[in-house]
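These notes concern the structure reproduced below.
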Amino acid sequence: MKNTPFTQKHIALGAKMAAFAGYNMPISYTGINDEHATVRKNAGVFDVSHMGEFMLKGENALDLIQRVTTNDASKIKQGQAQYSCFTNENGGIVDDLIVYCIEENKVYMLVVNASNIENDWNWVSKHNTKNVEMHNISDKTCLLAIQGPNATKILQPLTEIDILNLKYYTFVKGTFARVDNVLISATGYTGSGGVEIYFEDVDGNADKIWDKIFEVGTPQGLKPIGLAARDTLRLEMGYCLYGNDIDDTTSPLEGGLGWITKLNKATHFTAKEILEKQKAEGIKRKLVGFEMIDRGIPRHDYIIKDAAGNEIGKVTSGTQSPSLNKAIGLGYVTLENAGLDTEIFIDIRNTPVKARVVKFPFV
Amino acid sequence: MSYPNNLKYTKDHEWIKLEGNIATIGITDFAQRELGDIVYVDINTVGKALNAEEVFGTVEAVKTVSDLFLPVAGTIKEVNSALEKQPELVNNDPYNEGWMVKMEVSNPADVDQLMTAEAYEQMVG
């Protein structure tokens with residue numbers, strides 16, 4: 001099992017640790033509800049250094065990205081980031097990712113899920129027919145997400161960069177906590193605002209940055225947050241988790257990612273025709289959000305039924321929502337059952353428990 | 001984490017305290033920590049006679065769900081009604097306020113066969 005540069009800190013803090021995507025990661029420190037509330041109301045720090053980062057360089061870098069992803073990366077300029085996904089030949093999703101435009105038409109960084117690093121690397125490499133220079137910098141790249149309404153206010157004293165006014169999905173490279181070449185990005189997976197910072201694990205940078213963040217943050221209530229709360233936070237926002245809500249069998253259109261599927265962009269991308277056909281003919285199932293009406297908590301892979309007891313789909317993610325204090329979930333259902341307020345039933349230990357299709361974000 | 005010496009323990013992470021032929025049962029400190037914040041405890045077996053290691057209920061935490069296994073054979077007599085409104089008692093006080101059921105034990109000697117605090121602590125390491 002791999003460690004991140006912060007693993008010993010998590011253990012010293014008494015975190016509950018578990019293997020995630022081959023890394024020894026903190027699941028929780030003080031408890032999910034407390035950590036969740038800390039991010040929603042104040043600020044918290046996530047070590048997400050397990051995520052993968054690829055650098056793509058050269059005059060054909062943009063062309064390669066355009067051919068393997070669904071969103072239109074030609075629209076982003078230096079300092080802008082974009083959510084996107086790689087499609088496979090059947091129109092399923094290889095992974096979802098963020099594309100960072102480091103230098104227009106020349107240098108891009110792709111940030112991918114930890115569990116898919118090798119698979120994604122092979123996928124992009126396979127399509128790299130025009131000699132784009134590719135570097136997998138995942139192992140040496142640290143990533144901390146500092147999220148919450150007070151995150152940027154707490155961090156601002158650590159940098160000259162104006163992070164308080166950094167626009168959503170933009171980024172700046174500069175000095176942070178006296179470490180150079182830190183990429184500060186106004187992105188995240190919580191829906192509560194804040195930044196994500198990328199830096200190289202050299203010269204004790206990881207310790208320096210972690211310690212500085214907590215030195216300024218702890219007096220203001222900033223806390224370390226584990227992966228468990230990361231999941232409840234993203235689920236309340238209806239953000240997809242690869243492997244749960246989207247995977248190589250779900251299309252971006254089914255998964256509610258039509259907004260990042262640019263069928264009209266200039267460059268052809270993998271499975272474009274399949275997605276065009278899906279769009280023209282209409283999808284047969286759709287990822288919906290739902291909340292439980294009767295008592296029960298939906299979990300991944302629970303069967304969804306209609307009132308007559310027919311199977312209409314499956315739960316992909318579910319939890320008790322710490323913010324709402326009710327049980328919520330995401331799942332695929334047949335299109336005729338996907339309308340708002342449709343009553344559906346989640347099969348919980350062989351008992352159908354009533355739920356209702358609702359809009360997400362849930363909060 | 002604590003494992004009181006006056007209790008007996010199971011490999012399924014329940015504790016049992018015997019008084020006469022009535023036993024109180026709950027989950028261990030280790031178990032509550034593994035589960036995380038508990039949302040509710042679902043027990044519909046009051047009045048039922050169950051065998052040792054049979055499921056007597058489930059506990060739903062934010063992130064996960066787990067079955068509750070009866071440490072010894074007997075009849076479920078009572079559920080801790082305080083958990084209905086305050087399921088967090090299981091997290092905060094697993095051996096006292098967070099108890100789950102009281103049962104009438106078929107054969108009190110069965111309890112002697114369960115793990116001591118020391119043995120259980122060794123198991124969860």
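Sequence lines set the chain letters: A, B, ... in the order given, protein chains first and strands last, and positions in each chain run from 1.
- In terms of modelled atom types and a separation under 3.5 Å, the side chain of K63(B) and the main chain of T319(A) share no donor-acceptor contact.
- Residues V39(B) and Q320(A) share a closest heavy-atom pair of CG1-CD, 3.3 Å.
- For T58(B), the part lying under 4.5 angstrom from a heavy atom of chain A is the side chain only.
- Heavy-atom distances place the side chain of T232(A), and not its backbone, under 4.5 Å from chain B.
- Side-chain contact check for D42(B) versus R295(A): some heavy-atom pair is nearer than 4.5 Å.
- Taking a 6.0 Å sphere around CZ of F360(A), one finds it holds more than 12 heavy atoms contributed by other residues, nucleotides or ligands.
- Within 6.0 Å of atom CG in N5(B), 12 or fewer heavy atoms from other residues, nucleotides or ligands are found, so the atom counts as exposed in its surroundings.
- Surrounding CD of E118(B) are at most 12 heavy atoms belonging to other residues, nucleotides or ligands under 6.0 Å away.
- Top candidate by heavy-atom pairs under 4.5 Å with chain B, chosen from S321(A), P322(A), G296(A), is G296(A).
- E88(B) does not touch chain A: none of its heavy atoms, backbone or side chain, sits under 4.5 Å away.
- Classification of E60(B) and R349(A) as a salt-bridged pair holds, one side-chain N sitting under 4.0 Å from a carboxylate O.
- Here the closest non-hydrogen pair linking I32(A) and D37(B) is N-OD2, 3.1 Å.
- Looking at every heavy atom in both residues, I297(A) comes nearest to Y40(B) through N-OH, 3.7 Å.
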